[in-house]
Amino acid sequence: MSLWIPVTIAAASFQTVRFMLQKSLSTVKLTAAGATFARFAYSMPLALLGLFVVLQVTGFSLPPLTTKFWLFAVIGGTAQILATICVVALFKQRNFAVGITFKKTEVIQTAIVGFLVLGDQVSSGALVAIFLGLMAVLLLSKSPGGDGAWWNHLTNRASRLGLGSGVLFAFSSVSYRGASLELGEIDAWFRALVTLAVVVTFQFLSMAIWLLWRDRAELLAVWRTRRTSVFVGLTSLCGSFCWFFAFTLQNAAYVKALGQVELLLSLFASILFFRETITRREIAGMTLLGVSILALVLAI
């Protein structure tokens, strides 16, 4: 079995736990921006410490960080910040499992962005998968209990947040792969660690400056929720390293396609931990989206 497969499954598992923690923080204690910043605030020190230890133990030296590497890192880091804010805000609009399903439209969009940015080829069969994914999003776009035809609900807040996060996560995934590949012919796991340390430091500094300017009270709130936020940072660090490692080993579209296992994990979390009810339409939408992602795996 290729190494990228278990690494991707581990990444999806860590990410599900992290989103569960962020959902809890955002619904009772923090804003969407605060819950997002908590992720970077408590993972950045761990990422830098991990890189320092590796450099000391292995004797490796940092590879040259080219202009193209920084461009990919900044674009990817910024897109991920905005995408995470969208997802956390989405949790307040829809239940946990459906929020994650909206986010998983990134799988379909990553194949498109990968082709446009890195030249990754998408076969004609992928068009069928994209169409199935669109049908799934249409099923999920209507809020529970809403009136009127489905097309009247495509511009509601939940749809905009979900689809927006998918686009942004697609750009971040492709950018991270691009940044990692810019580091040259060194061990894949070391490239992933260097890229992660650079990106999470940029994300921490940029969000800290923003909150200092716009919402200083939220910085204090992040500190007050540290007993939970530290686990957000830990799961974020583990998940991000696995994603970065997988992106270094394999095409981002394949990695995100396999990451569909998060759909099942989020469904279990929604039912078992948050005691939320999943409607038949939502189950149908999630199932169809899962089929579309599987079809994409077979097509690319």
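These figures come from a predicted structure and were not determined experimentally.
- Residues passing the side-chain contact (heavy atoms from CB on, under 4.5 Å) test with Leu65, sequence neighbours excluded: Phe69, Trp70, Leu183, Val194, Val198.
- A heavy-atom distance below 4.5 Å is found between the side chains of Asp187 and Phe60.
- Looking only at side-chain heavy atoms (C-beta outward), Val255 and Val7 stay at 4.5 Å or farther from each other.
- With Ser172 contributing its side chain and Phe169 its backbone, the two residues share a donor-acceptor pair below 3.5 Å.
- Across Ala11 and Gly239, no two heavy atoms sit closer than the pair CB-O, 3.8 Å.
- The heavy-atom pair separating Val199 from Gly77 by the smallest distance is CG1-CA, 4.0 Å.
- Minimum heavy-atom separation, Thr8 to Ala246: OG1-CB, 3.5 Å.
- Hydrophobic cluster membership is shared by Phe244 and Leu51, with clusters built from Ile, Leu, Val, Met, Phe, Trp and Tyr side chains linked at under 4.5 angstrom.
- The two residues Ala208 and Phe37 have their closest heavy-atom pair at N-CE1, 3.7 Å.
- Ring-plane geometry between Trp243 and Phe247 is classed as parallel, the angle between the planes falling under 30 degrees on a 0 to 90 degree scale with a further cut at 60.
- Atom OG of Ser240 and atom CG of Leu46 lie 11.5 Å apart (nearest 0.5 Å).
- A continuous path of ILVMFWY side-chain contacts below 4.5 Å connects Tyr42 to Leu219, so both sit in one hydrophobic cluster.
- Using a 4.5 Å heavy-atom cutoff, the side chains of Trp189 and Leu249 are not in contact.
- In the hydrophobic clustering of ILVMFWY residues, with side-chain heavy atoms under 4.5 Å counting as a link, Val17 and Val230 come out together.
- By the side-chain hydrogen bond (donor to acceptor under 3.5 Å, both in side chains) test, Gln250 is found to be paired with no residue, residues two or more places apart in sequence or in another chain being considered.
- Pro45 has its side chain out of reach of Phe204: every pair of non-hydrogen atoms, C-beta onward, lies at least 4.5 Å apart.
- Interatomic distance, CZ of Arg177 versus CZ of Arg191, reported as 9.0 Å (0.5 Å rounding).
- Applying the 4.5 Å side-chain rule to ILVMFWY residues, one finds Ile75 in the same cluster as Leu71.
- Here the shortest heavy-atom pairing between Ala47 and Leu193 reads O-CD1, 4.5 Å.
- We find the CG-OG1 distance between Leu48 and Thr201 to be 4.0 Å, quoted to the nearest 0.5 Å.
- Side-chain contact between Glu182 and Phe72 is present, with heavy atoms from C-beta onward closer than 4.5 Å.
- In the hydrophobic cluster analysis, where Ile, Leu, Val, Met, Phe, Trp and Tyr join through side-chain heavy atoms closer than 4.5 angstrom, Trp213 is grouped together with Met207.
- Rounded to the nearest 0.5 angstrom, Ile81 CD1 and Gln203 CD are separated by 5.0 Å.
- Counting non-hydrogen atoms of neighbouring residues, nucleotides and ligands closer than 6.0 angstrom, the CZ atom of Phe245 exceeds 12 such neighbours.
- Neither Val54 nor Phe52 shares a network with the other; the hydrophobic side chains, linked directly or stepwise wherever heavy atoms of I, L, V, M, F, W or Y lie under 4.5 Å apart, form separate groups for each.
- Partners of Ser206 according to the side-chain hydrogen bond (donor to acceptor under 3.5 Å, both in side chains) rule, which considers only residues two or more places apart in sequence or in another chain, do not exist here.
- In this view, Ser180 and Thr248 satisfy the side-chain hydrogen bond (donor to acceptor under 3.5 Å, both in side chains) rule, not counting sequence neighbours.
- The shortest heavy-atom contact between Leu168 and Cys86 is CD1-SG, 4.4 Å.
- Scanning for side-chain hydrogen bond (donor to acceptor under 3.5 Å, both in side chains) contacts around Thr235 gives an empty result, with sequence neighbours left out.
- Here the side chains of Leu196 and Tyr176 are not in contact, with every heavy-atom distance at 4.5 Å or above.
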